[in-house]
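Right, I'll just put the structure down here and ask away after.
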Amino acid sequence: MSETQIKRKKLGISNQIMSHEVKPKLIIHGGAGSSLKGKGGLIPVRNSLHAIVKEVYELLSNNGSAIEAVILGCQLLENEPRFNAGTGSVLQSDGQIRMSAALMDGEAQRFSGVINVSRIKNPINLAKALQSESDRVLSDLGSAEFSRELKLPIYDPLTDLRLQEWIQERKDDFNKKMAGVVAEEELITTEEARRGTIGVVVLDSQGKLAVGTSTGGKGLERIGRVSDSAMPAGNYATTKAAVSCTGIGEDIIDECLAARIVIRVTDGMSLSEAMEKSMAESFSRKRDFGAISIDADGTIAWGKTCEVLLAAYHNGEEINDTLEWTSNDLMGYSS
Ligand code: GLY
C-alpha cells in the first residue's frame with residue numbers, strides 16, 4: 001500500500017477510487033521583480049515558500065480538494081508578513097491598505113473575487129464565500145458590506161516595515177513608482193522597484209484544477225486603482241489549465257496573461273508552448289511580470305519577463321523553487 005493509501009486508510013477514506021487518482025501538483029508564488037538583496041533576502045523567502053508548499057501538499061496528499069488547497073495556500077501566504085498580500089500589504093498613495101483577491105474553480109470554470117477591500121485578515125476568504133453567490137465580484141464598499149454580513153472580524157494588516165517604507169517614500173516626495181515586492185529591512189532605502197502578489201495553483205488527486213491570487217496592489221497607487229489579481233487577466237482556470245500572475249498589473253491586464261495562457265492550452269497547445277509563446281510576445285512588448293501554472297496532465301510551468309520570480313513547487317516527488325533562476329530563459333517547467 002502506498003504512503004497516501006495508508007494515510008487515507010488511517011483517515012477512514014476509501015481507497016477504492018485510487019485507480020482514478022492522479023499525483024497532486026502544486027506551485028505557489030510570492031511575487032516577481034528585480035533580484036533579492038543577496039542571501040539575506042533569499043534564504044528567508046525560500047524558507048517561507050517551502051514551508052507553505054510542504055503544508056499545502058500534505059493536505060493534497062490527504063485527498064484535500066484543489067479549492068481547499070488553494071484557499072489554505074493563499075491564507076498562509078497572506079498571513080506571512082514578508083509578502084504583499086493580507087498582513088504585510090503595501091500602502092497606497094494615501095497611506096491606506098486596500099487588498100484584492102480572486103479564486104477560480106477550474107472544474108466549474110467559476111471566478112469570484114474582491115477588489116480593494118480593507119480591514120480583513122484574509123481577502124481570499126471573501127473570494128471563497130463569493131463562489132456560491134449570484135454576484136461574484138465585489139469592490140470596496142460592497143466587499144466591506146459582505147465582510148460585515150459574514151461577521152468577519154475587523155483586522156489591521158499593517159506592519160511596521162510597510163509603514164516605514166511608506167514614511168520613507170513620503171520623505172522622498174513619492175518619487176518611486178511602487179513599493180517593495182517583499183518586506184526587507186534593506187529595501188526601505190533602496191530605489192529598486194519591486195512588485196508583489198501571492199498566488200497558488202493546484203491539481204488535486206481527482207485531476208481537478210484551481211487557482212487563487214491575492215495582493216496589496218502596486219503600493220503608492222492612486223486611490224481606486226484596480227489590480228489584475230481580481231481579474232481573469234491575473235487569475236484564470238478551466239478543466240485544462242490554471243494560471244496565477246504577478247508583476248505590474250497594467251502589463252498583465254494589457255496581455256490578459258492568465259486567460260491567454262489557459263485558453264491557448266484549452267485550444268490544444270501544450271502548457272510549456274503556451275507559456276513560452278505568451279512570454280516571448282510579452283517580452284517583445286517590454287512587459288514586466290511572471291506567471292505560474294499547471295495543466296490537467298500535471299505539467300507545472302512558470303515564466304517571467306522580469307529578473308526574478310519568487311515561486312516554489314511540489315511536483316509529486318520533491319519541493320523545488322525558481323528563486324535562483326536568473327537566466328535569460330523566459331520559461332521553465334517540471335512534469
Ligand atoms: N499584480 C499586482 C498589481 O499590480 O496590483
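Numbering of ligands and ligand atoms starts at 1, following listing order.
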**Report entry** side chain to side chain donor-acceptor pair (under 3.5 Å) partner of Ser278, chosen from Arg264, Arg287, Glu255
**Finding:**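 Filter result, single survivor: Arg264.
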
Query raised in the report: Which residue and non-hydrogen atom of the protein lie closest to atom 5 (O) of ligand 1, and at what distance in Å?
Result: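 Result: Arg225 NH1, 2.7 Å.
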
Query raised in the report: Can you tell which of Val114, Leu152, Asn125, Leu138 makes a side chain to side chain contact (heavy atoms under 4.5 Å, CB included) with Ser147?
Result: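 Result for side chain to side chain contact (heavy atoms under 4.5 Å, CB included) with Ser147: Leu152.
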
Query raised in the report: Any idea which atoms of ligand 1 are less than 4.0 Å away from a heavy-atom of Gly217?
Result: 5 (O)

Query raised in the report: Should you measure from each heavy atom of Thr215, which atoms of ligand 1 turn up under 4.0 Å away?
Result: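 Numbered from 1, ligand 1 contributes 2 (C).
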
Query - Donor-acceptor pair, side chain of Gln131 and main chain of Arg110, under 3.5 angstrom - result: yes

Report task. Flag Glu250 as yes when one of its N or O atoms lies below 3.5 Å from any N or O atom of ligand 1, and as no otherwise. Result -> no

Requested in this report: Please state whether the rings of Trp325 and Trp302 are parallel, tilted or perpendicular, taking 30° and 60° as the class boundaries.
Outcome: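 The rings of Trp325 and Trp302 stand perpendicular, inter-plane angle above 60°.
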
Query raised in the report: Does the N or O separation between Ser227 and ligand 1 drop below 3.5 Å for any pair?
Result: yes

Query raised in the report: Counting from 1, what ligand 1 atoms have a heavy atom of Asp228 closer than 4.0 Å?
Result: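 In order of numbering, the contacting atoms are 1 (N), 2 (C), 3 (C), 4 (O), 5 (O).
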
Query - Contact atoms of ligand 1, heavy-atom distance to Gly247 under 4.0 Å - result: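 Listed by number with element: 1 (N), 2 (C), 3 (C), 4 (O).
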
**Report entry** For Thr197, the ligand 1 atoms whose distance to one of its heavy atoms is below 4.0 Å
**Finding:**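 Selected atoms, number and element: 1 (N), 2 (C).
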
